[in-house]
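When a residue number appears, it is its place in the shown sequence, counting from 1. Counting convention: from 1, in listed order, for ligands and their atoms alike. When reading the values below, keep in mind they use all heavy atoms of this one structure, side chains included, and skip hydrogens, waters and symmetry mates.
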Amino acid sequence: MMVRAGLTISIVVVACFMAGCQSSQDGFSTATTVVGTLPDQSEVRLHTLRNSQGVEVGILSYGATIVSITVPDAKGSMDDVVLGFDSLAGYRGDNNPYFGSIVGRYGNRIAGGSFVLDGETYMLARNNGPNHLHGGLVGFDKVNWESMAASDGKRTSATFRYVSVDGEEGYPGTLRVTVVYTLTADNEVIVDYEATTDKATPVNLTQHSYFNLSGTGDILDHELALNASYFTPVDSTLIPTGELRSVFGTPFDFKTTARPIGERIRDNDPQLVIGGGYDHNFVLDGGGDSLALAASVYDPLSGRTMEVWTTEPGVQLYTGNFLDGVEGKNRQVYGPHGGFCLETQHYPDSPNQPAFPSTILRPDERYVSRTMFAFGVRHR
Ligand code: BGC
């Protein structure tokens, strides 16, 4: 941005070529390219957001999927800190464990794939053992969203829209969803969700990026702090039992002090044995209204830090327990704990658990949710 004699002049450059469009304004830029075509002939676009510090976020229209977040380490070297694939085929393949996508209509599990709403029983796909997971067989991670990107001099963003029709995957009501990803000058990636419906329906949207702040190896030495005094213990199929259990004195205590994710991950605690590590919803202290700090992560190897802020009442800590040698980008093979997810959300199985905060959206309401991933570095 140039400032002259009290006047603010913004420089905007837009250029379009065969391969796509690029625009830049005051150190922010967006680039859009077409990276493939789906069987229904719709084009899959890749939007790349860049700020003046050289931080870049790549997002695909397929699944509104974050495919890369490139941020500096403590010495200024840039690395991509999310897991993913080199090609669209990877994201569309059976081995994709929801890398970087938006999951919905209901992120996380619904017990037995069914719920009762206003006296009516709804049946959903049981795509995870006996339960429904992440919106079903073709959830929001497997659809091509309408998309566009733009910069305004203070930030750069990409907007994604999807209309999920009444009955899709068994859910009631046509749900109109908008997700906006914004990259700020301060290396924050903000995710804004909005949705409206024409019939009452459960909605629980989340972002399913797997982070590894070293960009390689596993995440067991990453130090994690969670602003949560309680978590929701689960049964053997990872459905909450309904109890809110205190974390204190257990391997789930990331509240008292930050500790390496791997410090107690192999403890013989029945809750850790069930899923081979952490795969649990934490109840955020005071969470659920304004944007509040949910988690802080520090990677001693690279010096990178990440904070997660959210308006949601919960966050699922998933430590990549089921990663079993997924062949990912840059010839990396992701094994157990190759990445961690912090999925901001309402609690799992809320449609069947009246004591949990409600996830039901009604026609006269608007679903609004915000999560921010803020990247930085810490010098020892
Ligand atoms: C769930 C895991 C699941 C993973 C799918 C996470 O949100 O909590 O249980 O395996 O998503 O990749």
Side-chain angles (χ1 to χ4, degrees), residues 63-67 82-85 90-113 124-142 191 202-212 218-219 224 226 228 231-241 252 261 265 270-283 294-295 308 310 312 314-328 333-350 353 356 359 371 373:
T65 300
I66 293 183
V67 296
V82 291
L83 276 50
F85 298 102
Y91 287 97
R92 295 192 59 216
D94 292 339
N95 287 336
N96 179 4
Y98 302 89
F99 279 156
S101 59
I102 292 294
V103 294
R105 185 178 298 202
Y106 197 95
N108 217 310
R109 293 177 173 79
I110 295 180
L124 310 168
R126 294 179 179 174
N127 57 330
N128 186 250
N131 303 319
H132 179 80
L133 177 69
H134 293 339
L137 300 176
V138 184
F140 292 179
D141 59 297
K142 295 182 186 63
V191 195
V203 183
N204 192 30
L205 304 176
T206 192
Q207 218 300 322
H208 210 288
S209 282
Y210 288 66
F211 297 96
N212 181 326
D218 69 46
I219 49 79
L224 171 69
L226 285 175
F231 74 107
T232 51
V234 289
D235 69 13
S236 63
T237 69
L238 295 171
I239 294 292
T241 58
F252 292 79
I261 292 176
I265 199 169
Q271 282 295 313
L272 289 173
V273 173
I274 290 172
Y278 298 96
D279 194 354
H280 293 79
N281 171 64
F282 285 75
V283 175
V308 182
T310 189
E312 287 296 307
V315 64
Q316 181 88 3
L317 169 63
Y318 172 54
T319 46
N321 316 329
F322 302 123
L323 292 174
D324 58 356
V326 180
E327 290 179 25
V333 177
Y334 305 126
H337 318 308
F340 65 91
C341 303
L342 286 166
E343 303 155 59
T344 55
Q345 60 178 10
H346 273 56
Y347 313 165
D349 196 34
S350 295
Q353 308 238 10
F356 288 175
T359 51
T371 289
F373 301 99

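Checked against the 6.0 Å centroid threshold, Y210 and F99 count as a close aromatic pair. If you look at H132 and Y106, their ring centroids are not closer than 6.0 Å.
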Between ligand 1 and the protein, tabulate every N or O atom pair separated by less than 3.5 Å, reporting distance only.
unit_1	atom_1	unit_2	atom_2	d
ligand 1	7 (O)	H134	NE2	3.0
ligand 1	7 (O)	H208	NE2	2.9
ligand 1	7 (O)	E343	OE1	2.6
ligand 1	7 (O)	E343	OE2	2.9
ligand 1	8 (O)	D279	OD1	2.5
ligand 1	8 (O)	Q316	NE2	3.3
ligand 1	9 (O)	R109	NH1	3.2
ligand 1	9 (O)	R109	NH2	2.7
ligand 1	9 (O)	D279	OD1	3.4
ligand 1	9 (O)	D279	OD2	2.4
ligand 1	11 (O)	H134	NE2	3.0
ligand 1	11 (O)	H208	NE2	2.9
ligand 1	12 (O)	P97	O	3.1
ligand 1	12 (O)	Y210	OH	3.0

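With hydrogens and angles ignored, the 3.5 Å screen pairs no side-chain donor or acceptor of D141 with any backbone N or O of Y98. Under the 3.5 Å distance criterion, the side-chain polar atoms of E343 are left unmatched by any main-chain donor or acceptor of V315.
A heavy-atom distance below 4.5 Å is found between the side chains of Y278 and L272. Counting heavy atoms from C-beta outward, I219 and H337 have side chains that approach closer than 4.5 Å.
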